[in-house]
Each structure stands twice: as C-alpha cells, then as structure tokens.
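Each ligand, and each atom within it, is numbered from 1 in the order the structure gives. Heavy atoms only: backbone and side chains are in, while hydrogens, waters and symmetry mates are out.
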Amino acid sequence: MIITMNTQIIKIDENQMDPEAVRKAGKILQQGGIVAFPTETVYGLGGDALNPDSSRKIYAAKGRPSDNPLIVHICRMEDLHKIVSRIPESARKLAKAFWPGPLTMIFPKSEAVPYETTGGLDTVAVRFPSHRTAQAVIDAAGGYIAAPSANTSGRPSPTLARYVVEDMDGRIDMVIDGGDIPIGVESTIVDCTVEPPMLLRPGYITAEMLGEVLGEVSQDQTMMHGDTRERPKAPGMKYRHYAPKGDVTIYTGELERVVERICELADAQCTAGKKVGIIATDESVKTYKNRVSKASIKSAGTRNNEETIARHLYQILREFDDEEVEVIYSEAFDESGIGQAIMNRLLKAAGHHVEQA
Ligand code: TXA
Ligand code: MG
C-alpha cells in the first residue's frame, strides 16, 4: 500500500521541552493521526490507542501483519486502571521497581482497548516510558498511545530520527526528532497474566533484575534458540525481525579464535569480490582492520560495558544496508545481563545462523 502525505519533521530536546510542538503533536494524535516520537529504547510510531482507526493506520504505515499486537504507552500509573481489567501482584511489584522505564507488561485488557490495538487478543501490553518527550506527547494525546517501533516491518528498529524519516516519510503525519536514544534495543516484555510471570522479550531490564524483584520468573522457551515447532508467546517474536539485507553469521567460542576465524572467512569473501561487513568490538576492531582492510568493520562498543553494544547494534545493521553489504560476520556475546537482549536481536538478524569458531 502506498500512502502519500506531507510528513512534518520537528525537533524536541528532552531537556528543553517545547510546549507548542508538543501541543501540535497531541492535536494530531487526538484527531486520529500518526506521530513518530523518541523513547528511551527506540523510536515509536504512535497513534491513539483507544481509536481503532489509528491502530489500523499504524499497521498500514509499517506494513505490519495485523495479528501482531501493539504496546500501549501511558504517562501516569493511575491511568493503567482504564485499560486493564486486573493488576496482578507481580505487575504491581515490577511497576514499583521499573516504571517509568524500559519494561512492558502484559495484562488482561479492559473493554476500553479495541481489538485493533491488541491484534485480536484479550490481553494488552502496557509500557510507561521514562523519556520526557515521550511522556509529554502521551499526555498531550490524552494519555494512551499505541506504539510499535517506528521502522518498516522487518527492518531494524530506528535509534535515530533519520532512520524513522527513511522508513516513514510520506506515510505518517509527523516525526519528532529527539536526537540520540539512550538504550537502543526495545523494552523487556513480561507476561504478568501467568504465574510465575514469563519473560517474552529480553531487554535493558534483565532476567536477573526481574528475578530480584519477583523471586521467580520463567522464560519463553522459543525466545533465544527458537524452537520453530513452538509459537512464541509474543506474536511479534515469530517474524524474522531486524533483518539486514546481508546474510549474518554469528561466531561463538574463545574470542581470539573467533577473531581469527572471521578474519579468514572475511578475507576469502573479499577476494571473491563480495562486500563484507564485520560487527567487531573495541577489543577486536584493530585486528580486523589490520587483517581484512577491504571489509567494512564497525565496533559496536566495548565488552567492558555491553550497554554500549546494545545502543549501536541496530545502527550498524542499518549502515551495512546502506553500504549494500552482502555478507556479515559477528562475534557472539554472553547471554547474561543485557547480553541476552543483544544476542536475541543478533540471532534474529542472523536467522539463527550460529557457528562454532
Ligand atoms: O521499547 C519498545 O517496546 C518499543 C518502544 C516504541 O516503546 N516498542 C516496540 O513495539 O518494540 P513493537 O511493536 O515493535 O514490539 C511489540 C512486541 C511484539 O513482539 C508484540 O507481539 C508484543 O510486543 N506484544 C504486544 N502485545 C502483546 C500481548 N498482548 N501479548 C503478547 N505479546 C504482545
Ligand atoms: Mg518492532
């Protein structure tokens, strides 16, 4: 479907709120329009969560299958009651610990939330973001914004406004450019309708952090190493998300061996005339640059602080697309802490193609 409209692009600095711009965005949303806005995780594509037409427009703009439910964003704890029919004890605890912040929880939905927003489900995903521009826009829109990540379905989530514009120009009413995004991977999703609560998508709020608050958390078994016979509990997790145009392979094992193996393979592919990309870290980037100078080599960040890697991963995948890279090699990361979120996104980008170095 081709949609052509005039997309306004405005800048809002989180630390210097522009009330006039926020009001304008709020008005568009209240009238059923679609506005992309920054959050602390990735840019979101917002519409009035209680208006079925707005949700339909979001699916159309993204080219997203309509069975893939949206997350409803709120900006006040007391607003939760209107959209859920019950608040489980586990959700109360998690909200106290992590809201506002990069955590989404699944609740039984109330009648106020249309099935267009929940992809036909009787449950609703809710998030209370900490980003001040996001909060201001949600408030201006009336309190409830349905927002998936602001990318075309199947592309990496946008961590810079220019990627939102790349995917959405002419398809939505407004893009709010809020500059850099602090986290870079989507929120952690926890299903609080089951006991013990179940982690459906790893993110900045790690399994360890959830465990500290709840005592016990289970994990969707399809989440990391994707048993394809089982359907993931979060419908969106079944799609080959975050897919760059190049073929991605992840190498596991001792770092020195991994680097050696990637150098050999990348060198051979460069010699064969292929465009090669390497996802490196600050610890290994020099070695690659010395050994395979023809490849496009990008350090995602440092292994001493894996949050830096989470922040840059999607940007790197998009840059490889822009450079028309055909073959991508990546080092693996430990699946603990934020590493679980990094590996979850990388595994999807790689279509679960992992090799031992
Ligand atoms: O960080 C984020 O969560 C970002 C920003 C914009 O807030 N949003 C985001 O939305 O990542 P999206 O649509 O790209 O991912 C939403 C995920 C999908 O995998 C979807 O299937 C799942 O949440 N989801 C939504 N409602 C659900 C429900 N009722 N039950 C299970 N999974 C649900
Ligand atoms: Mg998404």
- More than 12 non-hydrogen atoms from neighbouring residues, nucleotides or ligands closer than 6.0 Å to CD on E256, yes or no? no
- Note on the structure: Shortest non-hydrogen pair, A91 vs I87, comes out as CB-CG2, 4.3 Å
- Item | From S153, P69, G46 - option closest to atom 26 (N) of ligand 1 by heavy atom | P69
- Task: Nearest 0.5 Å please: distance from the NZ atom of K24 over to the CE atom of M174.
- Result: 5.5 Å
- Is the closest N or O pair between R64 and ligand 1 shorter than 3.5 Å? yes
- Message: Only heavy atoms of S187, strictly under 4.0 Å: list the atoms of ligand 1 that pass.
- Response: 1 (O), 2 (C), 3 (O)
- 4.0 Å heavy-atom contact, K109 with ligand 1: no
- Picking from R162, K62, R64, R318, what satisfies salt bridge (Lys or Arg N to Asp or Glu O under 4.0 Å) with D167? R318
- Query: Would the number of heavy atoms belonging to other residues, nucleotides or ligands and lying under 6.0 Å from CD of E324 be above 12?
  - Reply: no
- Task: Could you list which atoms of ligand 1 come closer than 4.0 Å to a heavy atom of N68?
- Result: 18 (C), 20 (C), 21 (O)
- Query: Looking at E186, which atoms of ligand 1 are within less than 4.0 Å of one of its heavy atoms?
  - Reply: 1 (O), 2 (C), 11 (O)
- Does ligand 1 have a heavy atom under 4.0 Å from the side chain of S149, from its backbone, from both, or from neither? both
- When only distance counts, is K62 in polar contact with ligand 1, meaning an N/O pair under 3.5 Å? no
- Under a 4.0 Å N-O cut-off, is there an ion pair linking D247 with K274? no
- Proximal atoms of ligand 1 relative to G44 (non-hydrogen, under 4.0 Å): 6 (C)
- Which one holds for I189 and ligand 1: side chain close, backbone close, both close, or neither close, with close meaning a heavy atom under 4.0 Å? side chain
- Polar contact flag for T39 and ligand 1 (N/O pairs, less than 3.5 Å): no
- Query: Counting heavy atoms not belonging to Y144, are there more than 12 under 6.0 Å from its OH?
  - Reply: yes
- Sub-4.0 Å atoms of ligand 1 with respect to non-hydrogen atoms of K233: 31 (C)
- Taking it one step at a time, do C263 and Y288 satisfy side chain to side chain contact (heavy atoms under 4.5 Å, CB included)? CA-CA 6 Å; C263 283; Y288 295 119; 3.7 Å; yes
- Message: Within this structure, what is the CZ-OG1 distance for the pair F333 and T281, rounded to the nearest 0.5 Å?
- Response: 6.0 Å
- Message: Any nitrogen or oxygen of R127 lying under 3.5 Å from a nitrogen or oxygen in ligand 1? Just yes or no.
- Response: yes
- Which ligand 1 atoms are under 4.0 Å away from a heavy-atom of L121? 28 (C), 29 (N), 30 (N)
- Tell me, please, which residues at least two apart from D177 pass salt bridge (Lys or Arg N to Asp or Glu O under 4.0 Å). K11
- Query: Can you tell which part of D191 has a heavy atom less than 4.0 Å from ligand 1: side chain, backbone, both or neither?
  - Reply: neither
- Message: For a distance under 2.8 Å, tell me if S149 has an N/O/S atom near the Mg ion (ligand 2).
- Response: yes
- Record the part of T123 in heavy-atom contact with ligand 1 below 4.0 Å; permitted values are side chain, backbone, both and neither. both
- Examine ligand 1 and decide if any of its atoms is less than 4.0 Å from a heavy atom belonging to I106. yes
